[in-house]
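Reading through the structure tokens given below for one structure.
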Amino acid sequence: MTTETITSSEYIKHHLQNLTCNLNAGHVHCAHTAQEAKEMGFWALNVDTFVMSFILGALFLMLFHGVARRASSGIPAGIQNFVEWVVDFIDGSVKGSFSSTNALIAPLALTIFVWIFLMNFMDLFPIDFLPKIAQSLGFGHFKVVPSTDPNATFGMSFVVFFLVIYYSLKSKGLGGFAAELSMMPFQSKNPIIQILFVPINLILEGVNLIAKPVSLALRLFGNMYAGEMIFILIAIMGSTWAGFTIANIALFGSQIFLSLGWAIFHILIITLQAFIFMTLTIVYLDMAHQEHH
Amino acid sequence: MNINATLIAQAIMFALFFWFCKSFVWTPIINALAARQKQIADGLAAAADGRNSLEVAAKQSAESLNQAKQKASEIIAQAEKRAGQIVEEAKGNAKIEGERILVGAKAEIEQEVNRAKESLRSQVSALAVAGAEKILRKEIDSKAHSEMLAKLVAEL
């Protein structure tokens with residue numbers, strides 16, 4: 001809330017705007033309105049998304065690296081137990097759904113799971129808590145949940161997509177990959193009919209291929225965005241407080257009750273979304289490694 | 001909610017985090033886990049070995065205990081047999097010795113009887129002579145007899 005007389009609509013809009021900044025003639029400029037952010041075009045940076053995801057990723061890597069540095073085959077204790085439990089869980093998931101051997105898949109899955117979990121976890125902080133701190137430091141807008149920014153989710157899914165293409169080409173070869181895209185699902189013994197099938201197959205398989213990164217990114221973004229939206233709506237309920245009337249007390253009570261309930265439910269969602277992103281990444285890469293369908 | 005350069009920044013950041021995670025987090029931890037798994041497996045194998053050798057040792061000790069018991073019973077049986085033999089021998093010896101003593105005693109008794117008979121016989125004759133003397137002294141006149149005696153003496 002930037003002023004005392006803010007409307008609900010302004011409150012929602014304010015919460016949904018990133019801290020978008022660009023370099024304008026050697027001078028950092030940050031957008032004040034959604035319109036301004038849009039006008040900045042592609043060469044602008046959502047500083048809040050970038051900073052939050054960097055802090056969370058660094059936190060994850062520092063914690064895990066601290067354990068990894070002291071990791072020994074002796075009796076584990078304290079945080080090492082937790083880290084080993086997570087590592088073991090990821091290792092089990094990868095072994096369960098990845099049939100080829102690739103030493104990169106498990107650390108990729110670990111990075112995805114923990115990083116996304118931490119980014120989603122920011123949703124559980126009181127909705128105005130961190131933005132108010134940012135505001136007091138002079139930043140008008142601050143979205144604390146990086147996974148509600150499609151840039152973050154698409155950034156990750158594009159890396160996964162790149163790996164899918166890379167490993168498809170590596171294990172099937174260019175011809176094999178092209179055949180996979182054009183010779184299926186419609187097949188015919190007759191070569192002429194098969195040639196006629198190629199464009200249809202290309203369209204179907206092309207959509208199938210493109211759908212992978214898009215669905216990965218949009219699923220995570222959509223879930224987190226919707227969850228954030230509901231937190232915002234719940235937060236509005238008590239904001240119309242104007243003295244001790246029954247309606248106000250009921251609204252205030254509902255806000256407390258609903259935000260508690262939604263937050264508890266959200267613990268499940270944030271973990272589940274991180275897990276889904278990780279599992280689908282493993283599955284997509286497993287498909288990329290397989291010689292044939 | 002615009003797509004902008006944050007997309008590229010996030011992708012690069014993700015790639016860097018992934019690289020760091022692979023190099024400095026995943027590899028050391030998974031190696032430590034594998035090493036521990038191996039240690040535990042080795043420990044369990046050693047424990048199984050220990051259990052096996054314990055079983056073997058128990059079997060061996062039971063066997064040697066049985067052997068010892070068997071030997072002991074053999075020894076006892078032998079000893080009993082030997083004892084029986086000794087008793088039998090002793091009985092035999094005693095019987096022979098007893099018989100020998102009995103024979104000796106019988107011979108001595110016979111001798112004694114004979115000796116007693118002899119002395120009895122001589123005593124009886126002496127008694128008879130004495131009796132006859134007493135009878136004769138009453139009935140014989142010393143005068144008449146003195147002549148005879150003198151004759152006897154003269155004849156001697």
Side-chain angles (χ1 to χ4, degrees), chain A residues 16-18 20 22 34 37-38 40-47 49-50 53-54 57-58 60-61 64-65 67-76 80 83-84 87-88 90-91 103-104 106-108 110-112 114-115 143 146 148-160 162 225, chain B residues 1-70:
Chain A
L16 293 182
Q17 196 189 332
N18 281 106
T20 310
N22 67 357
K38 206 167 193 171
M40 281 179 174
F42 185 77
W43 292 109
L45 186 70
N46 291 344
V47 176
T49 301
F50 185 80
S53 58
F54 181 79
F60 147 57
L61 289 174
F64 275 55
H65 178 58
V67 169
R69 216 176 34 210
R70 284 177 281 106
S72 70
S73 56
I75 300 164
Q80 195 185 347
V83 168
E84 284 184 3
V87 167
D88 209 44
I90 302 291
D91 199 41
L104 287 181
L108 180 72
L110 176 68
T111 313
I112 288 174
V114 182
W115 197 28
K143 270 179 88 175
T148 57
D149 183 352
N151 288 299
T153 61
F154 273 104
M156 294 181 89
S157 73
F158 282 172
V159 173
V160 171
F162 167 77
Y225 187 80
Chain B
M1 229 176 60
N2 311 302
I3 293 294
N4 54 27
T6 315
L7 180 75
I8 300 167
Q10 292 294 121
I12 293 169
M13 197 196 292
F14 176 45
L16 288 177
F17 281 160
F18 166 42
W19 167 78
F20 187 90
C21 180
K22 156 90 181 101
S23 312
F24 302 108
V25 174
W26 184 268
T27 310
I29 290 179
I30 208 76
N31 285 346
L33 286 181
R36 188 181 307 136
Q37 201 168 8
K38 195 181 171 300
Q39 270 184 3
I40 292 170
D42 289 353
L44 288 178
D49 278 358
R51 251 199 313 275
N52 278 349
S53 51
L54 187 69
E55 254 168 49
V56 169
K59 212 180 265 179
Q60 273 179 351
S61 75
E63 227 167 76
S64 45
L65 193 66
N66 269 350
Q67 276 178 354
K69 270 184 186 167
Q70 215 174 326

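Throughout, a chain's letter reflects where its sequence line sits, starting with A, and its residues are numbered from 1.
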Study note, to complete from the structure: Whatever's closer than 4.5 Å to a heavy atom in chain B on A:V47 counts as neither
**Study point:** Engaged part of A:F50 at the chain B interface, taking heavy atoms whose separation is under 4.5 Å
**Key:**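 Interface part for A:F50: both.
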Practice item. Return yes when atom CD1 of A:I75 has more than 12 non-hydrogen atoms of other residues, nucleotides or ligands closer than 6.0 Å, and no otherwise. Key: no
Review point. Has B:Q39 got more than 12 heavy atoms of other residues, nucleotides or ligands less than 6.0 Å from its CD?
Key: yes
Review point. Chain A heavy atoms under 4.5 Å from B:I8: which part of the residue, side chain, backbone, both or neither?
Key: side chain
Practice item. Residue by residue, scan residues 13-29 of chain B and write down, ordered by number, those that have a heavy-atom distance under 4.5 Å to chain A; if none do, write 'none'. Key: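 Listed by number: B:M13, B:F14, B:F17, B:F18, B:F20, B:C21, B:K22, B:F24, B:V25, B:W26, B:P28, B:I29.
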Top contributor to chain B interface from [options] [non-hydrogen pairs under 4.5 Å]:
{"options": "A:F54, A:W43, A:F162", "value": "A:F54"}
{"options": "A:G155, A:S157, A:A58", "value": "A:G155"}
{"options": "A:L108, A:L104, A:T153", "value": "A:L108"}

Check your understanding: Would you say the side chain of B:T6 lies within less than 4.5 Å of the side chain of A:F42, judging by non-hydrogen atoms?
Key ->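 Answer no - side chains too far apart.
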Exercise for review: Would you indicate whether the side-chain heavy atoms of B:N4 and A:L45 approach each other to under 4.5 Å?
Suggested key: no
Check your understanding: Under 3.5 Å, is there a donor-acceptor pair between the A:S53 and B:Q10 side chains?
Key ->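 Judged by distance alone, the side chains do pair up.
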